[in-house]
There are 4 protein chains.
Amino acid sequence: MAIHSSKLFSIATGSSEPIYRQLVDQAQRLVAGGQLAPGDAMPSVREVAQALALNPMTVSKAYGILELEGVLTRKRGMGMFVADAPKGTHSVASRIELLRPTLERAALEARQLELDHDTVLTLFTKLLKEKQ
Amino acid sequence: MAIHSSKLFSIATGSSEPIYRQLVDQAQRLVAGGQLAPGDAMPSVREVAQALALNPMTVSKAYGILELEGVLTRKRGMGMFVADAPKGTHSVASRIELLRPTLERAALEARQLELDHDTVLTLFTKLLKEKQ
Amino acid sequence: MAIHSSKLFSIATGSSEPIYRQLVDQAQRLVAGGQLAPGDAMPSVREVAQALALNPMTVSKAYGILELEGVLTRKRGMGMFVADAPKGTHSVASRIELLRPTLERAALEARQLELDHDTVLTLFTKLLKEKQ
Amino acid sequence: MAIHSSKLFSIATGSSEPIYRQLVDQAQRLVAGGQLAPGDAMPSVREVAQALALNPMTVSKAYGILELEGVLTRKRGMGMFVADAPKGTHSVASRIELLRPTLERAALEARQLELDHDTVLTLFTKLLKEKQ
DNA sequence: GTGGTCTAGACCACT
DNA sequence: GTGGTCTAGACCACA
């Protein structure tokens, strides 16, 4: 057991985002960011379930989706492991594309609010530097 | 009927955000931004529903919420109109606050993707200027 | 309700293949074969569950996977629909590729059994014509 | 040690078929086909496990099943050998029956993909001749 | 030990 | 009406 689930995942019970989605998204970002490296063993379904006080099926659903997405691989009887990264997955170009939809939405909202570009960019720059 | 629903609203069917929420949020921004001025007639529920291929009840639900919020007023027999005193002011400060949550989310995702600020700001600036 | 689940799906309870997998595979082939055309409404989760005497969650899991794979799309509150086919999906070339792994396995087994090609092809031709 | 495990067995780790099952089925076919003759020494559990990067217990389980089925016999201190009177006959009729389930599945899939018989048979014939 | 499958049932959100 | 989420619990297969 290389990694403690209590350190890996944190779920927001109050959020409207489904728990399994929170787990999936966190795992994806941890892998994209390199905190989880290819070959690393994931904490077991039961361990995560116990640590976060969840039903094992909820965790299992998250792991299943991550497997379908190619982020994790299952070794039968041995648990889940971080998959070897498809080539180019971590390039800047591919990561910026993951951010594009959110930025497009922000641009649309800014236009609808008839906000000046400078005003928007000033706030966004400030937010990028914050909490860092 | 001054305004075409097809030009007013754009909904993302693939989004996880409920359609009625998308309509409500867009209407609020359009009013805050001044594209919808007090006294303007809103397109009818039926027209919006047809133009965007939505269930009329979905549009009706959005209009109902907007009426509850004081953004629209219902004139019996004549349809929905932008309210005379829409909630909140239209100052830049108040409008930028409507945009803040989206920008915060974008900033969070950018950090998690470990993207350089310049790269993000370059793309965002480009998107702001586009489709204008 | 355009399509009867009782006509669409048939599950083999005795099989070791999970029920949800049988549903996924059948749906994929029905879409690839054109029996299910883009835009067609799928029978509802509850209807399939009742028709096949399954738990709705089992059907839901199958639909969920098909959605992740891009075979189905969900219209909220309206059910599941066959997704618009990615271009070229229905060509003979692409369909035969879906069959290739199974044929490769059959060829491997035939070799290991040291069976004569004619013997194998005769049986296979008979099976192709059967149950048609 | 007459036979190299690396040449005997090929396992598909990605397959849903359990590894031990793949080993059992392949051994049965190789015996039925005559590539493994009565009295031949099987590669040791340890050797197979190392060559295929498997857990020795997995290989041992497969050998145990093959022994139960009468395909292999254990000579204490000397390892596993192909049994003198392996189960079933080696007639063409019996061997083709071992292949039938796989061919039936292929025929079913071909029908569901609405593939022309000639197209399917052409590919299958090519695959039979290949890698021979 | 590992994950997977399925059921039963409750509750929620969207259209 | 639609699908989604989550829980509780039982049972299975694999290594």
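All values below were derived from every heavy atom in this structure, side-chain atoms included, with hydrogens, water molecules and symmetry-related copies excluded. The sequence lines fix the lettering, A, B, ..., with proteins before strands; numbering per chain opens at 1. Predicted model, so just to flag it, every value in this text is computed and none were measured.
- Base pairing analysis places F:dC6 opposite E:dG9; the two distances defining the Watson-Crick or G-U wobble pair are each below 3.5 Å.
- Distance OH (D:Tyr63) to C1' (F:dA15): 17 Å, rounded to an integer number of Å.
- For A:Ile65 and E:dG3, the CD1 to P distance is 16 Å, given to the nearest whole Å.
- Contact between the side-chain N/O atoms of C:Arg74 and the OP1/OP2 oxygens of F:dT2 is not found at any separation under 4.0 Å.
- Of the candidate nucleotides F:dG3, F:dG4, F:dA8, F:dG4 has the atom nearest to the side chain of C:Ser60.
- Considering only the side chain of D:Thr58, F:dA15 comes nearest among E:dG3, E:dC6, F:dA15.
- The nucleotide whose nearest atom lies closest to any side-chain atom of B:Tyr20 is, among F:dT5, F:dC14, E:dC14, E:dC14.
- Listed nucleotides: F:dA8, F:dC14, E:dT2. Nearest to the side chain of A:Met57: F:dA8.
- Remark: A:Arg105 engages B:Glu17 in a salt bridge, criterion side-chain N to carboxylate O under 4.0 Å.
- When side chains are defined from C-beta on, D:Leu23 does not count as touching D:Lys61, because their heavy atoms never get closer than 4.5 Å.
- B:Leu8 is listed as a side-chain neighbour of B:Leu36, based on a closest heavy-atom distance under 4.5 Å.
- Judged by atom type and distance alone, C:Arg46 does not reach the base of F:dG1 through any side-chain donor-acceptor pair under 3.5 Å.
- Counted within 6.0 Å of CD on A:Gln50, heavy atoms from surrounding residues, nucleotides or ligands total 12 or fewer; the atom is thus considered open.
- Position along DNA chain E of the nearest nucleotide to A:Lys75 versus C:Gly77 favours A:Lys75 as the more 5'-ward residue.
- If you measure from atom CZ of C:Arg76 to atom C1' of F:dG1, you get 16 Å, rounded to the nearest angstrom.
- Following rounding to the nearest Å, A:Phe81 (CZ) and E:dG3 (P) show an atom-to-atom distance of 9 Å.
- A residue-by-residue look at D:Lys61 and A:Ala53 shows that A:Ala53 has its nearest nucleotide of DNA chain F further toward the 5' end.
- Atoms CG (A:Asn55) and P (F:dG9) sit 10 Å apart, rounded to a whole Å.
- Separating the CD atom of A:Glu17 from the C1' atom of F:dC6 is a distance of 15 Å, rounded to the nearest angstrom.
- Listed nucleotides: E:dT5, E:dT15, F:dA15. Nearest to the side chain of C:Pro18: E:dT5.
- What separates CZ of B:Arg21 from P of E:dT15 is a distance of 12 Å, to the nearest Å.
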C:Gln112 and D:Gln28: CA distance, side-chain angles, deciding distance, side chain to side chain donor-acceptor pair (under 3.5 Å) verdict = CA-CA 9 Å; C:Gln112 291 180 329; D:Gln28 286 175 329; over 6 Å; no
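- Checking E:dT15, F:dA15, E:dT2 against the side-chain heavy atoms of B:Ile19 singles out E:dT15 as nearest.
- The distance from atom CD of C:Gln50 to atom C1' of F:dT2 is 15 Å, rounded to the nearest whole Å.
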